[in-house]
S.K.: 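First the structure, then my questions, so here it is.
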Amino acid sequence: MEQSQQPKWKGRVTAKLTKAKPDQIWPFFTDFFNLHKWLPTLPTCYGIHGINGEPGCIRYCSGSSIPSSTATDDMSISWSKERLVAVDHVDRSLRYEMLDSNIGFKSYVSTVKIIPEEANVSGCVIQWSFEVDHVEGWVLEDMVNKYEVALRLTAKRMEDRLQEETEPKWEGKTTVEVKGLTADQTWPFVADFCNIDKLFPFVDKCYHVEGELGKPGLIRYCATAPRPSFDGTGEIKVDWAKEKILIIDPIERLLSYEITESNMGFKSYVATFKVLPVDGDGQRRCRIDWSFVADPIQGWSLEDFSSYLNTSLQYMAKKIEETVPSADV
């Protein structure tokens with residue numbers, strides 16, 4: 001009874017973006033089931049009811065941004081179920097409510113609005129406001145500070161993503177000659193998609209994950225050997241990627257694949273191997289071309305990445321040549 005007599009808590013925070021227009025930011029928020037893409041303290045967010053972005057849809061969120069009211073230790077995970085109440089695409093505003101949670105929020109309603117920046121036609125302001133019953137164990141000012149930090153991190157991620165999308169794609173190609181084998185003899189080494197660890201210097205493991213061998217849709221998992229992290233923390237790290245065949249053509253001796261998931265900073269990456277005959281002197285030899293198109297890769301320059309691919313391809317050619325008796329090379 002005492003709590004119901006206390007006034008509602010209300011708060012509002014804003015974040016200014018200088019390189020993102022309202023119409024560019026708005027779709028990130030109407031993607032209601034995927035808030036985890038933008039809020040670093042929210043590792044999990046997914047839909048449990050309805051159609052994403054339409055009033056009535058419900059999402060489940062869990063993370064560590066606001067501690068659980070039932071927490072018994074620092075590792076307890078906070079969660080909430082939130083329903084989208086209203087969406088106004090003209091005003092670029094949406095309102096949602098919290099249906100259930102373990103963080104002690106009652107009668108919680110929040111509104112997000114994207115406002116044009118008057119002084120900068122290329123910018124905008126994100127406004128995030130909330131209203132909630134008094135939350136036991138909290139001070140309103142501390143809660144507002146939490147929201148301010150969360151919105152600042154979210155806005156930065158969104159603006160960074162838009163900047164990445166406007167950056168030009170990286171493109172490159174490296175080539176190597178294989179001596180002692182024809183193009184038809186070399187092709188099976190390239191087509192053996194799930195055993196690339198036999199040919200690449202930095203791949204320690206490679207194995208089949210799903211799909212039919214030798215067919216588009218086949219996915220492999222590749223990983224380096226464990227190594228100390230480069231950040232000086234002493235942490236042991238394994239670099240890994242999942243890669244999927246897009247095209248495989250034995251007649252043209254062409255294989256194209258993409259990275260679908262990794263921990264190495266790849267966002268969009270498509271590469272193509274092509275094995276070509278080399279004519280002229282009657283000797284058995286061929287050429288392998290390895291080309292790629294990718295978004296800029298975090299932690300790399302285009303020149304360094306191209307050099308890395310060239311080193312890997314040279315090593316690959318040597319390993320293939322080692323399968324040929326020395327008298328035949």
Side-chain angles (χ1 to χ4, degrees), residues 168-224 239 241-260 262 264 266 268-295 297 300-329:
K169 293 277 190 179
W170 283 2
E171 296 186 36
K173 184 173 79 170
T174 185
T175 297
V176 70
E177 186 174 292
V178 179
K179 298 177 181 178
L181 290 92
T182 65
D184 287 335
Q185 291 172 318
T186 300
W187 166 247
F189 292 98
V190 175
D192 191 11
F193 193 66
C194 294
N195 287 297
I196 201 68
D197 53 316
K198 297 177 180 178
L199 300 177
F200 270 54
F202 307 111
V203 179
D204 183 59
K205 293 180 180 179
C206 181
Y207 56 79
H208 174 218
V209 175
E210 64 178 80
E212 185 178 350
L213 294 175
K215 301 291 184 180
L218 173 67
I219 296 177
R220 69 185 178 193
Y221 172 88
C222 300
T224 64
D239 294 326
K242 290 182 180 179
E243 302 172 342
K244 180 171 70 175
I245 292 181
L246 301 175
I247 302 170
I248 183 166
D249 186 338
I251 303 301
E252 294 293 327
R253 296 180 294 274
L254 180 147
L255 185 150
S256 182
Y257 68 95
E258 67 175 349
I259 293 179
T260 60
S262 84
M264 299 183 290
F266 290 91
S268 172
Y269 175 87
V270 176
T272 301
F273 280 103
K274 191 164 187 179
V275 183
L276 301 164
V278 174
D279 300 322
D281 55 10
Q283 295 184 6
R284 284 182 296 177
R285 56 196 179 106
C286 66
R287 190 182 85 221
I288 302 175
D289 289 350
W290 188 9
S291 60
F292 70 91
V293 178
D295 286 338
I297 304 165
W300 289 83
S301 68
L302 175 57
E303 293 74 16
D304 289 343
F305 183 69
S306 297
S307 176
Y308 163 76
L309 294 190
N310 181 63
T311 298
S312 298
L313 188 59
Q314 298 294 328
Y315 184 92
M316 177 180 179
K318 291 295 183 184
K319 297 296 286 186
I320 293 173
E321 289 174 352
E322 287 173 5
T323 66
V324 183
S326 58
D328 294 340
V329 177

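Note that these values count all heavy atoms, side chains included, but never hydrogens, waters or copies made by symmetry.
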S.K.: Hey, does the side chain of Thr224 reach the backbone of Asp239 with a donor-acceptor pair shorter than 3.5 angstrom?
M.R.: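 Yes; at least one donor-acceptor contact below 3.5 Å.
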S.K.: Indicate the atoms forming the closest heavy-atom contact of Arg253 with Trp187, along with that distance.
M.R.: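 That closest heavy-atom pairing would be C-CZ3, 3.2 Å.
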S.K.: Test Phe292 against every option in Phe305, Trp170, Phe266 by the ring-ring contact (aromatic ring centres under 6.0 Å, His included) rule and name the one that passes.
M.R.: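 Going through Phe305, Trp170, Phe266 one by one, the ring-ring contact (aromatic ring centres under 6.0 Å, His included) with Phe292 is satisfied by Phe305 alone.
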S.K.: Which word best sums up how the rings of Trp290 and Phe273 line up, parallel for under 30°, tilted for 30 to 60°, or perpendicular for over 60°?
M.R.: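 If you compare the ring of Trp290 with that of Phe273, the planes turn out parallel.
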S.K.: Could you report the tightest heavy-atom contact between Ile297 and Met264, atom names first, then the distance?
M.R.: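 Where Ile297 meets Met264 most closely, the heavy atoms are CG2-O, 3.9 Å.
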S.K.: In Å, rounded to the nearest 0.5 Å, how long is the span from CD1 of Ile196 to SG of Cys206?
M.R.: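 Spacing of CD1 (Ile196) from SG (Cys206) equals 7.0 Å.
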S.K.: Could you check Ser306 against Thr174 for side chain to side chain contact (heavy atoms under 4.5 Å, CB included), going step by step and ending with a plain yes or no?
M.R.: CA-CA 7 Å; Ser306 297; Thr174 185; over 6 Å; no
S.K.: Below 4.5 Å, heavy atoms only, C-beta onward: do Thr182 and Pro277 meet side chain to side chain?
M.R.: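 The answer is no; the side chains never approach within 4.5 Å.
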S.K.: CG/Leu309 to OG/Ser291 distance, rounded to the nearest 0.5 angstrom?
M.R.: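 Going from the CG atom of Leu309 to the OG atom of Ser291 covers 10.0 Å.
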S.K.: Check whether any side-chain N or O of Arg220 sits under 3.5 Å from a backbone N or O of Phe193 as a donor-acceptor pair, and report yes or no.
M.R.: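 Checking the backbone N and O of Phe193 against the side chain of Arg220, a donor-acceptor pair under 3.5 Å is found.
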S.K.: Say you draw a straight line from CZ of Arg285 to CG of Asp279; how long is it, rounded to the nearest 0.5 Å?
M.R.: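 Those atoms lie 8.5 Å apart.
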S.K.: By the definition side-chain contact (heavy atoms from CB on, under 4.5 Å), identify the one residue from Ile288, Val190, Leu254, Thr175 that meets it with Lys274.
M.R.: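 Looking at Ile288, Val190, Leu254, Thr175, the match for Lys274 under the side-chain contact (heavy atoms from CB on, under 4.5 Å) is Leu254.
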S.K.: Answer whether the closest heavy-atom distance between the side chains of Thr311 and Pro201 falls below 4.5 Å.
M.R.: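 No, too far: nothing below the 4.5 Å cut-off.
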S.K.: Tell me whether Glu321 is salt-bridged to Lys179, with the criterion being a basic N under 4.0 Å from an acidic carboxylate O.
M.R.: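 Not counted as a salt bridge, because no side-chain N and carboxylate O are separated by less than 4.0 Å.
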S.K.: How many angstroms lie between SG in Cys286 and CD1 in Ile320, if you round to the nearest 0.5 Å?
M.R.: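 Here the interatomic distance stands at 7.5 Å.
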S.K.: Can you check whether Lys242's main-chain N or O pairs, donor with acceptor, with Thr260's side chain at less than 3.5 Å?
M.R.: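 Pair found, side chain donor or acceptor close to backbone of Lys242.
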S.K.: Between Glu171 and Val293, is there a side-chain heavy-atom distance shorter than 4.5 Å?
M.R.: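 A side-chain contact under 4.5 Å exists here.
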S.K.: Taking Glu252's backbone N and O only, do any of them form a donor-acceptor pair with Asp249's side chain (distance below 3.5 Å, no angle check)?
M.R.: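 Checking the backbone N and O of Glu252 against the side chain of Asp249, a donor-acceptor pair under 3.5 Å is found.
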S.K.: Kindly state each residue pair satisfying salt bridge (charged side-chain N to carboxylate O under 4.0 Å, His left out) with at least one member in residues 302-319, sequence neighbours excluded.
M.R.: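 Counting only pairs at least two positions apart or across chains, the salt bridge (charged side-chain N to carboxylate O under 4.0 Å, His left out) contacts touching residues 302-319 are Lys319-Glu322.
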S.K.: Report the distance from atom CD1 of Ile219 to atom CD of Glu258, rounding to the nearest 0.5 Å.
M.R.: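 Rounded to the nearest 0.5 Å, the CD1-CD separation comes out at 8.5 Å.
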S.K.: Is the count of non-hydrogen atoms from other residues, nucleotides or ligands lying under 6.0 Å from Lys169 atom NZ greater than 12?
M.R.: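 Count over threshold, so yes.
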S.K.: Looking at CD1 of Ile259 and NZ of Lys244, how far apart are the two atoms once the value is rounded to the nearest 0.5 Å?
M.R.: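 Interatomic distance, Ile259 CD1 to Lys244 NZ, rounded to 0.5 Å: 13.0 Å.
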S.K.: With the side chain counted from C-beta on, respond yes when His208 and Leu218 share a heavy-atom pair under 4.5 Å apart, and no when they do not.
M.R.: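 In contact.
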S.K.: Taking the side chain as every heavy atom from C-beta outward, state whether Pro216 and Ile248 have any pair of such atoms under 4.5 Å apart.
M.R.: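 They are in side-chain contact.
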